[in-house]
Amino acid sequence: MKNINPLIIQLIAIGFTLLFLFFIFRLIVKGRLREEFSIIWIATAVVLNVFSFWRSGLDLIANMLGVYYAPSLLFMLLFVSVILYLVHLSVLNTKQQDKIKMLTQEIALLKEKLENK
């Protein structure tokens, strides 16, 4: 198997995270992604970019937390972030469903009033 230069992997990781940040900012500018939903994606890209520049940082943090395999710490953090984001989206979905239900009821009442006049 061919040895891959760590610098090339680092540059690829930095390039992808910067490209991802650019993509998120483009979605915000075009109005296709609201700022409140973009925060977790920007934070994730920034964390990945920090670890792309500071390669030994993940090992240092993993050692401090007693994690044997440093990349598993990164996956755990990303997994927890996704779960928290899904809970946030579930809360927003519930609020939207309640608002839709109230609006539907108000429209039905207004329609009944108009028909009775």
Peer 1: Sorted by first residue and then second, give each ring pair (Phe, Tyr, Trp, His ring centres under 6.0 Å) pair with at least one member in residues 97-117; sequence neighbours left out.
Peer 2: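 Sorted result for residues 97-117: empty, none.
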Peer 1: Which other residues belong to the hydrophobic cluster containing Ile12, where Ile, Leu, Val, Met, Phe, Trp and Tyr are joined when side-chain heavy atoms lie under 4.5 Å apart, directly or via other members?
Peer 2: Ile8, Phe16
Peer 1: Which residues, ordered by chain and number, are linked to Leu86 in its hydrophobic cluster, where ILVMFWY side chains connect at heavy-atom gaps below 4.5 Å, directly or through other members?
Peer 2: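 So far as hydrophobic clustering goes, Leu86 is joined with Val82.
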Peer 1: Who else is in the cluster with Phe75 when I, L, V, M, F, W and Y are joined by side-chain contacts under 4.5 Å?
Peer 2: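 Once heavy-atom contacts under 4.5 Å are chained together, Phe75 still belongs with nothing else.
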Peer 1: Apply side-chain contact (heavy atoms from CB on, under 4.5 Å) to Val47 and list each qualifying residue two or more places apart in sequence or on a separate chain.
Peer 2: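 Scan of Val47 (side-chain contact (heavy atoms from CB on, under 4.5 Å), adjacent residues dropped) gives Phe51.
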Peer 1: Please name the pair of heavy atoms, one in Asp59 and one in Ala70, separated by the smallest distance, quoted to 0.1 Å.
Peer 2: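 Scanning both residues, the minimum pair turns out to be OD1-CB, 3.1 Å.
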Peer 1: Can you tell me how far CD1 of Ile83 sits from CG of Leu78, rounded to the nearest 0.5 angstrom?
Peer 2: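 Here the rounded value is 11.5 Å.
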Peer 1: Taking a hydrophobic cluster as the set of Ile, Leu, Val, Met, Phe, Trp and Tyr residues connected by side-chain heavy atoms closer than 4.5 Å, whether directly or through intermediates, do Met76 and Leu65 fall within one such cluster?
Peer 2: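 The answer is yes; both residues are in one hydrophobic cluster.
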Peer 1: Which donor-acceptor pairs under 3.5 Å do side chains of residues 102-112 form with protein atoms, sequence neighbours excluded?
Peer 2:
unit_1 : atom_1 : unit_2 : atom_2 : d
Thr104 : OG1    : Ile100 : O      : 2.7

Peer 1: Drop me the distance from Ile14's CD1 to Leu48's CG, to the nearest 0.5 angstrom.
Peer 2: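 Going from the CD1 atom of Ile14 to the CG atom of Leu48 covers 11.5 Å.
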Peer 1: Quick test of your reading: applying side chain to side chain donor-acceptor pair (under 3.5 Å), list the pairs with at least one residue in residues 42-54, sequence neighbours left out, ordered by first then second residue.
Peer 2: Thr17-Asn49
Peer 1: Table please: side-chain donor-acceptor pairs of residues 18-40 below 3.5 Å, with sequence neighbours left out.
Peer 2:
unit_1 : atom_1 : unit_2 : atom_2 : d
Arg34  : NH2    : Glu36  : OE1    : 2.5
Arg34  : NH2    : Glu36  : OE2    : 3.4
Ser38  : OG     : Glu35  : O      : 2.7

Peer 1: What pairs with Tyr69 under side-chain contact (heavy atoms from CB on, under 4.5 Å), at least two apart in sequence or on another chain?
Peer 2: Pro71, Ser72
Peer 1: List for me each residue that meets side-chain contact (heavy atoms from CB on, under 4.5 Å) alongside Leu114, sequence neighbours excluded, and say none if there are none.
Peer 2: none
Peer 1: Under a single-linkage definition using a 4.5 Å side-chain heavy-atom cutoff for Ile, Leu, Val, Met, Phe, Trp and Tyr, are Ile9 and Phe53 assigned to the same hydrophobic cluster?
Peer 2: no
Peer 1: For residues 81-117, pull every pair meeting ring pair (Phe, Tyr, Trp, His ring centres under 6.0 Å), keeping only residues two or more places apart or in separate chains.
Peer 2: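 Those involving residues 81-117 are Trp41-Tyr85.
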Peer 1: Keeping to residues at least two apart or across chains, list the ring pair (Phe, Tyr, Trp, His ring centres under 6.0 Å) pairs with something in residues 94-117.
Peer 2: none
